[in-house]
Structures are given as structure tokens and as C-alpha cells.
> 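First the structure, which I've put down as C-alpha cells, then a few questions once you've had a look.
Just so it is clear: chains get the letters A, B, ... in the order the sequence lines come, proteins before strands, and each one is counted from 1.
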Amino acid sequence: MTPSPTRWTAIFLAAATILAAGAAAVWWTGVRAAETELLRTDADAIPARPALAAFAEARARPVYARACAGCHGGRLEGDARLGAPRLAGHVWLYGQGRVSEIEQTLTHGVRSGDPRGRNLASMPAFARPEPYGRYHIPPLGPRDIRDVSLYILNLQGRGGDPAAVARGDAVYHTRGGCYDCHGQDARGDGAIGAPDLRAGRRLYGDGSAASLYDSIAYGRAGACPAWSGRLSAANIRALAVFLHDRAYADGPVA
Amino acid sequence: MTGLSASRLRAAIADLAAWSAHPTRSLAIFAAGAIIGLAAAGVSLFTAKGAAVRVVPPEDVALVNQRPILLSDFNAQLQAQYATPLDQISPAERRATLNDMIREELFVQRGLELDMPASDPDVRSALVAAVEQQVAANVTARKLSEADLRTWYEAHKDSYASEGTLALHDLVFARPPASPPQALSAARAAGAALTAGRPLAAVMAAFGLRESGRVNGEEFYFAARIHLGERLFGVARTLIDGAVTPPLQDADGVHILVMIHNAPPVPQAFDDAEARVELDAAKATRDHVAAAELAYLKDKADILITPGLR
């Protein structure tokens, strides 16, 4: 028998539904497969695989815009009022910028309250009677702090009164104990998140003597949230790949 | 193709229904469904672990009695153990690490079976710390609004001030005069000479005064308070530059303070203090949430206390 026009419509509808479901399944499996590959591949090997890295970056952009840009800025430029670091540019607080290291920072955060977060040290407040909560460090005097600020500016190639710089040098390497965290050469320590004091990149303030004084006198302890449980493992890894790649590029991201 | 009007759609669905309402056809569809269902049930019944997940999800590296070992934890462990880039860690090293983690998971599961948290004090304190941190971590992810931060700042303005600094001369008699009244009048005369503008060195020499040595150059308020003592510091903090105090009696005799430079604490503007405001406000929120959590647990708990301690 010849099917009636209504029957044709019915068959067409059923076929379209099955096709759409099939396409959705294929698409979903495809995304899932790419996600699986992203997670299964060694984090540090992903940047060498352009297709996978591109998948990760495309995925990361909207997540970055939604979850991170509020503090780190739409162009990864950071926010010196919050001490949210610039993420573009290849100077890292924690580790050397390997994807696996960034992923670790994102998963558990920095001073986030997560027991596995990065939280080995913070910047003491040298103008307070008890500068550091974790162990005893003696306070400094106002002149010590001014001198050591000038010493840091001098390390950045910005001159300064030689006598004050010499006194600051002494404070840095003896009483202040700065070398203990920031290193003898003031290049910082990626194991504990002590910033490189010679680098142009600044976490806080405008880099002037006054803003250095502020950090040294009253202390610093920036916090980045832990994202595990809030973002999927695939999104966290995608962000890590994205940040690793963007660290060496410049320009708008979202 | 012609537009799918609502009536044609309804007709099509009715047509499909009519097609499957045919007695033998409906029986066949029913039978096919039953067979597929039975087959699925049979497969899951006769495979050892029933309907449990048999594939390891991509975000995990292993499932131990269905409990995941997270890939991120595994990577962190590898990093901690070998301190080299991940791609330089050999498969054998990876398996060794994974075996350790599986061993840990099995022991943890066994510990729970044995109800260790009920008996082992170390396990108990670790659990308490972990729950506290869990509560804290949930709060940290919430970014406080600018309005919240400003409210906090206004309410705690005193905490966002610079530490005051001062530099002064604290003068005492090198050899104290015979009687306290004599000391007082000599000190008054010295003070008057200083206020009149005579040079410090000359006045010190003329009256036999010396620096007490309690303060050493410019100091922060907190240090000056410790060095000068509560009484002298209380006077010093109110002095303007160049001011000379009347004689001040302290436990060790008469003092005269000459202020060189006094910079009292200055409140920090919100913009300058924002990073610290954010930290403090977040910490207060965490403490608040932790307290609320405890209150909630107490509230829903059934706690019986022996009469003597009620």
C-alpha cells in the first residue's frame, strides 16, 4: 500500500529525531573524547600538541572570562590593588610555569584554606610588634624599611642614595631576614611563592618607594581560590594550558 | 517542504499510535522490549561486580572499591616525589607511585571499617582539622563585593592605619640632684631654657643632663611604647615637633622629652588598604561560617550530659 502524506510526515519526524539524537551523541562523544585526551595526556606534554592545545584554549577562554577575569583582568594584566598577579608575561610566583604546576595552583589555590593549597610563606609585616604569625621574626625600624625599599629599587636599576642603599643591603642580608625567603640575589623562590624583587613585575602598588614601604611595613598574603569542585577537572586543565600559552603572548583574551 | 502545522503534527502522532496499536505489532514491540531488558539484566547479574562502573573516568587514575584516585592528586604526588617535569618520570616510577596511593586508599578504607576515628586521637584531630579547612575553603571561593569590602573597611578603620613613628630626646640627670624637689625645679629650669630656644647641647651641659638611652633614633609607636614605658609614651605621642615637656616623674627619676619628629598613625584610604581589607573580611567570613557550622551541628545533635556537668 502507498503511505498517506500524514504517514510520510510521521516517518520524516521519526527519522529527524533519530538523526538529531545521533548527531548529538556523536558530538558529545567527540567532546568527551577530546576531554579525555586532554586529561589523559601528560599535562606538560600538551603545549607540544597544537590541536589539543587549541582545543584547551578554546575551552578555557569563556571559563577564564567568567571565573578569573574579575581579579586577574580581561587581558591577564592583573590587579595591583588586590595583588592578583599579571598572568601574561613569563614570571611566575609558583614554580616555573609548567602546565602541571599551574594546574596544581588552580586545583588547590593559594592561601585558599584548602589544605593542599600553596601556603608555605607570606610577607611579614615588619612595622608590627610581632611581624609574622608562623615563627618569630623581629620587627624593623622605620629607617630600616625605607633603606631596604631603596635597596630594592636600586636592584631594579633605579639608583638611590648610596649610603641608604648600603644600609638597606645590610638589612636585607642580616636583620631583616629577607634573603631567607626572597633569596640572596632577591630573585625570589618559586617553591614558597616569594616574588622576584628585581623583576619589573609587581604584585602590589605602583612600584614606588612608598608602595614598597607599604608591603614591607604591613605585610602581604594574597589569596587565589581553590577551583577543584567548582570547575571540572577538564576545565582546570584547559585553563592551565591556556595560561601557559598566554604567558608568552600578549593581547586581549576574551 | 510545506510548513508543519499543528494539526498535521497531531495527525502524524495519531497515525504512529494507530500503527503500533495493531494487535500483532504491539505484541512484537512489547516482546522485543522485554528481551532487551532481560538481556541487560542478565549481563549485569552474571558479571562479577554487578552494575558498578567498570571504566576509570578521565579525571581519575584508578578506582579502588569505586572510590576514585584523582588524576590531579596523582600528578601532585609524582611531582612531590620526583621533583622533575612529568614527562621525565618513567612508567615504572608512575606505577610505583600509583601502587603507594592504592595501598593508602585500601588502608584508609580499612581504617574506616575498623572505625579508627572513634578510637585513634591522631585520626580524630586530623579529621577535625580537615573539616575546619573544608568549611574555610568553601568561603574563599566567594569573591566579596566592593560594597561588602567598603562596609568592612568603615567598621574597622582603625586597623587600616599606618604605624605611627616618632624620634625624640629623652633627657635625664647624669647625677640626680640630692632631693626630688631640687630635681623638679632644675628640670623645670632646663625645660624653660629649651623652650626659650637655647641649643640642646648647651642646656644638657649646663644642667648635667644626658640621653636616657631608652629610645634609639626614629621608632615605631609600638617600639617606643615598650622602650619609654606606658606613662612617658602616653605624653610623647601627643607632642608636636619641637615641643618640650614639663618634668615627668618616672620610676627612675625625672625625664624631659624633646620631640624631634612625631608622625601619628594615618588612616589608609580604601584603595590603598583594599588587599588587606579583602583578606581580613574573608577571614572574618570564614570564622563566621565556621561558628555557624558548629551551631548547626550542635543544633541537630542529640547531646546528653551527665547531671554533674550540666
> Give a yes or no on whether Asn216(B) atom CG has more than 12 heavy-atom contacts from other residues, nucleotides or ligands under 6.0 Å away.
no
> Which atom pair, heavy atoms only, marks the closest approach of Ala275(B) to Tyr204(A)?
CB-CE2, 4.0 Å
> Tell me, side chain or backbone of Leu279(B) under 4.5 Å from chain A's heavy atoms, or both, or neither?
side chain
> Starting at CD of Glu101(A), measure out to CG of Leu86(B) and round the result to the nearest 0.5 Å.
9.0 Å
> Name the region of Ile46(A), side chain, backbone, both or neither, that has any atom closer than 4.5 Å to a heavy atom of chain B.
neither
> Taking the side chain as C-beta and beyond, is there a heavy-atom pair between Arg128(A) and Phe220(B) under 4.5 Å?
no
> Hey, what do you get for OG (Ser228(A)) to CG (Leu70(B)), rounding to the nearest 0.5 Å?
8.0 Å
> Would you say the side chains of Gln268(B) and Asp214(A) form a donor-acceptor pair under 3.5 Å?
yes
> Heavy-atom count around Ile240(B) CD1 within 6.0 Å, excluding the residue itself: above 12?
no
> Quick one: do Asp42(A) and Arg94(B) satisfy side chain to side chain contact (heavy atoms under 4.5 Å, CB included)? Show the steps, please.
CA-CA 12 Å; Asp42(A) 261 344; Arg94(B) 282 161 195 273; 2.9 Å; yes
> How long is the gap from OG on Ser162(B) to OH on Tyr213(A), to the nearest 0.5 Å?
7.5 Å
> Specify which of Gly205(A), Ala217(A), Ala221(A), Ala45(A) makes the most heavy-atom pairs with chain B at under 4.5 Å.
Ala221(A)
> So which residue, Pro142(A), Gly141(A), Gly117(A), ends up with the most heavy-atom pairs under 4.5 Å with chain B?
Pro142(A)
> Which one, Ala125(A), Ala234(A), Pro129(A), leads in non-hydrogen pairs under 4.5 Å with chain B?
Pro129(A)
> Which bit of Ala224(B) is near chain A, if near means a heavy-atom gap under 4.5 Å: side chain, backbone, both or neither?
neither
> Any chance CD of Glu104(B) has more than 12 other-residue heavy atoms, nucleotides or ligands included, within less than 6.0 Å?
no
> Less than 4.5 Å apart, any side-chain heavy atom of Glu103(A) and any of Leu71(B)?
no
> Please flag which part of Glu218(B) lies under 4.5 Å from any non-hydrogen atom of chain A: side chain, backbone, both or neither.
both
> Let me confirm one number: the CG-OG1 distance from Asp87(B) to Thr41(A), rounded to the nearest 0.5 Å.
12.0 Å
> Which heavy atom of Glu163(B) sits nearest a heavy atom of Ala127(A), and at what distance?
CG-O, 3.4 Å
> How about Gln88(B) and Asp44(A): do any of their side-chain heavy atoms sit closer than 4.5 Å?
no
> By a 4.5 Å heavy-atom criterion (distance strictly below it), what part of Ser100(A) contacts chain B: side chain, backbone, both, or neither?
both
> Heavy-atom cut-off 4.5 Å, strictly under: side chain, backbone, both or neither for Leu140(A) against chain B?
backbone
> Is the shortest heavy-atom distance from the side chain of Asn75(B) to the side chain of Arg237(A) under 4.5 Å?
yes
> Please classify the contact between Ala223(B) and chain A as side chain, backbone, both or neither, with a heavy-atom cut-off of under 4.5 Å.
neither
> Arg276(B) side chain to Gly219(A) main-chain N or O, any donor-acceptor pair under 3.5 Å?
yes
> Would Arg40(A) and Val56(B) satisfy side chain to side chain contact (heavy atoms under 4.5 Å, CB included), going step by step from the backbone distance to the final call?
CA-CA 11 Å; Arg40(A) 281 271 171 250; Val56(B) 180; 3.9 Å; yes
> Distance from Glu278(B) atom CD to Arg81(A) atom CZ, nearest 0.5 Å?
10.0 Å
> Working note: Thr36(A) + Glu59(B), criterion side chain to side chain contact (heavy atoms under 4.5 Å, CB included); need CA distance, chi angles, decisive distance, verdict.
CA-CA 8 Å; Thr36(A) 305; Glu59(B) 58 270 26; over 6 Å; no
> Report the distance from atom CG of Leu39(A) to atom OG of Ser72(B), rounding to the nearest 0.5 Å.
9.5 Å
